[in-house]
S.K.: 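Next up is a structure, given as structure tokens.
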Amino acid sequence: MTAPTLTIDLDALVANWRALDAASGAGVQTAAVIKAEAYGLGAGRVARALARAGARRFFVALTEEAAELREALGPGPEINVFSGHMPGDTDRINDLQLVPMINSIDQMLRHVEALPGHPFGVQLDSGMNRLGMEPAEWAALRDIALEQNITLLMSHLACADTPDHPMNAAQLASFRAMTDGLDVPRSLAATGGILMGPEYHFDLTRPGIGLYGGAPFSEAQAVAHVSLPVIQTRMLEPGETVGYGNAWTAPAATKLATVAAGYADGIHRIMSGDLQLYAGDTPCPVRGRISMDLITVDITHLDEEPAALELLNHIQTVDTLADLAGSIGYEMLTALGNRYLRRYAGG
Ligand SMILES: *Cc1c(COP(=O)(O)O)cnc(C)c1O
């Protein structure tokens with residue numbers, strides 16, 4: 001067995017959803033964002049575990065992501081699509097019973113002409129300038145939209161990982177100005193917005209990263225565990241070098257383990273000088289450069305040769321890696337790639 005293993009703890013996932021559901025408050029529905037294969041962890045398995053725990057509504061980025069999901073969930077739960085109703089999407093929206101989040105006047109016309117009576121949401125731009133109708137577009141279209149089967153008004157916060165950023169209050173005011181007094185359910189908060197408190201919750205919250213154990217949900221349980229098998233060990237004499245570019249020279253006799261994973265598995269090369277892998281609770285420094293499929297690790301201080309070393313465990317999280325790589329937990333998770341043997345625990 002030489003494949004690196006990614007174990008997804010479904011009990012931790014469910015515990016994180018329940019905690020964010022409790023934080024969203026009574027009377028507020030808590031959805032689950034499972035775009036990009038549930039941030040790399042497997043959309044079908046993740047969605048089924050959350051549906052069993054009580055989640056009734058899921059968000060994906062593209063209609064293409066919804067086929068596997070509808071099969072996993074069956075006909076009941078609602079699947080919402082952030083990118084809305086694009087050319088070529090009509091059959092999938094109809095066949096898979098998807099609810100598009102309409103982003104523009106063009107999308108709105110396409111939707112009501114192709115699928116009259118089919119439910120949709122509207123995504124409003126409250127200042128992020130990424131997706132959604134601008135206030136003026138919404139003002140022009142609002143009365144027509146309200147006569148159709150509109151089931152959600154939503155917007156997205158740009159700075160929710162920084163709670164005291166003035167952008168949050170500005171977006172809240174803009175969203176309220178566009179939606180106050182309309183008899184349609186509303187949604188503004190993702191993980192960060194949930195943590196900012198009830199003003200941001202409205203009728204529906206849409207957590208993603210917090211479900212998967214990432215910041216800014218600091219109380220999240222770790223969901224992703226990664227173990228890398230040791231292929232070979234060797235002894236180095238003082239002065240011997242390791243890996244491409246001779247980037248590390250042994251200052252003393254050193255025992256080195258080579259594990260089966262590398263930058264093709266999302267373990268970014270830029271982390272080479274700082275990354276540690278773990279033998280249980282004991283950190284073991286990476287020596288030399290991370291290669292495409294291999295990493296060399298110093299195990300001189302271990303009493304026994306380990307069969308595997310851990311990249312993600314209860315000590316080292318996706319956010320630890322993100323700090324080393326100058327990135328964010330979201331990117332570390334979605335970069336893990338296809339070579340891992342995926343195992344699901346609990347659920
Ligand atoms: C990705 C995304 C979410 C989930 O955000 P997290 O920060 O992962 O909780 C919610 N809403 C929209 C529009 C998104 O693009």
Side-chain angles (χ1 to χ4, degrees), residues 13 16-21 23-24 28-41 43 46-47 50 55 57-63 65-66 69 78-86 98-104 107 120-133 152-163 165 167-168 171-172 174-175 178-179 185-197 200-221 223-224 317-319 322 327-335:
L13 169 85
N16 291 337
W17 183 79
R18 291 208 167 108
L20 290 167
D21 186 37
S24 294
V28 177
Q29 186 183 13
T30 305
V33 176
I34 53 173
K35 60 193 180 191
E37 280 293 333
Y39 294 37
L41 301 182
V46 162
L50 293 176
R57 194 160 178 163
F58 298 86
F59 284 84
V60 292
L62 307 169
T63 60
E65 295 181 307
L69 192 59
E78 183 167 328
I79 302 175
N80 295 209
V81 183
F82 287 133
S83 60
H85 191 146
M86 295 289 287
L98 311 179
V99 179
M101 298 294 118
I102 298 297
N103 290 297
S104 65
Q107 286 200 351
F120 63 95
V122 169
Q123 184 157 201
L124 300 169
D125 178 34
S126 55
M128 189 176 183
N129 284 307
R130 190 179 68 166
L131 269 186
M133 290 189 207
L152 188 68
L153 289 168
M154 62 161 284
S155 190
H156 193 50
L157 297 168
C159 301
D161 57 353
T162 313
H165 197 295
M167 184 65 168
N168 294 312
Q171 286 194 266
L172 178 62
S174 166
F175 186 58
M178 287 186 276
T179 61
R186 294 187 280 184
S187 177
L188 181 60
T191 302
I194 294 173
L195 303 174
M196 285 196 301
Y200 288 87
H201 295 171
F202 295 94
D203 303 294
L204 174 88
T205 58
R206 314 182 307 267
I209 192 69
L211 306 175
Y212 310 114
F217 186 29
S218 53
E219 281 154 40
Q221 296 186 25
V223 174
T317 69
V318 290
D319 293 306
S327 182
I328 52 177
Y330 303 70
E331 191 180 28
M332 302 314 293
L333 279 174
T334 54

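When a ligand or atom number is given, it counts from 1 through the structure's own listing order.
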S.K.: Are the side chain of Q221 and the backbone N or O of G213 linked by a donor-acceptor pair below 3.5 Å?
M.R.: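 Side chain of Q221 to backbone of G213, a donor-acceptor pair under 3.5 Å: no, none is there.
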
S.K.: Please confirm whether A190 comes within less than 3.5 Å of ligand 1 when only nitrogen or oxygen atoms on both sides are compared.
M.R.: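 No - when backbone and side-chain N and O of A190 are compared with those of ligand 1, no distance drops under 3.5 Å.
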
S.K.: Only one of V223, L50, I34, T191 passes side chain to side chain contact (heavy atoms under 4.5 Å, CB included) with L211; say which it is.
M.R.: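 Exactly one option meets the side chain to side chain contact (heavy atoms under 4.5 Å, CB included) with L211, and it is L50.
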
S.K.: Within the structure provided, determine whether D203 and V28 are in side-chain contact (heavy-atom separation under 4.5 Å).
M.R.: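 No - every pair of side-chain heavy atoms lies 4.5 Å or more apart.
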
S.K.: Is a side-chain donor or acceptor of N103 paired with a backbone partner of F82 at a separation under 3.5 angstrom?
M.R.: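 Judged by distance alone, yes, a pair lies under 3.5 Å.
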
S.K.: Exactly one of V33, L204, L152, L98 should register a side chain to side chain contact (heavy atoms under 4.5 Å, CB included) with N80. Which one does?
M.R.: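 Testing N80 for a side chain to side chain contact (heavy atoms under 4.5 Å, CB included) against V33, L204, L152, L98 leaves exactly one candidate, L152.
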
S.K.: Number the atoms of ligand 1 from 1 as they appear, then name those within less than 4.0 Å of a heavy atom of P207, with their elements.
M.R.: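 Per the distance check, 9 (O).
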
S.K.: Any nitrogen or oxygen of F82, main chain or side chain, under 3.5 Å from a nitrogen or oxygen of ligand 1?
M.R.: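 F82 vs ligand 1: no N/O contact under 3.5 Å.
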
S.K.: Y212 and Y330: aromatic ring centres closer than 6.0 Å?
M.R.: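 Aromatic pair excluded; centres sit 6.0 Å or further apart.
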
S.K.: Using heavy atoms and a threshold below 4.0 Å, how should the contact between R130 and ligand 1 be classified: side chain, backbone, both, or neither?
M.R.: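 The side chain, only.
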
S.K.: To which of M101, H156, K35 does the heavy atom nearest atom 15 (O) of ligand 1 belong?
M.R.: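 Ranked by closest heavy atom to atom 15 (O) of ligand 1, first place is K35.
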
S.K.: Have a look at ligand 1 and work out which part of Y330, if any, has a heavy atom under 4.0 Å from it: side chain, backbone, both or neither.
M.R.: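 Contact part for Y330 vs ligand 1: side chain (C-beta onward).
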
S.K.: Would R206 count as a polar contact of ligand 1, with the cut-off being nitrogen or oxygen pairs under 3.5 Å?
M.R.: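 Yes - when backbone and side-chain N and O of R206 are compared with those of ligand 1, one distance drops under 3.5 Å.
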
S.K.: Should you measure from each heavy atom of Y39, which atoms of ligand 1 turn up under 4.0 Å away?
M.R.: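 Counting atoms of ligand 1 from 1, those under 4.0 Å from Y39 are 1 (C), 4 (C), 5 (O), 6 (P), 8 (O).
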
S.K.: What part of T191, side chain from CB on, backbone N/CA/C/O, both or neither, has a heavy atom under 4.0 Å from ligand 1?
M.R.: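 Looking at T191 and ligand 1, atoms from backbone and side chain both fall under 4.0 Å.
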
S.K.: If you take all heavy atoms of T63 and V81, which pair is closest and at what distance?
M.R.: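 Closest approach of T63 to V81: N-CG1, 3.7 Å.
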
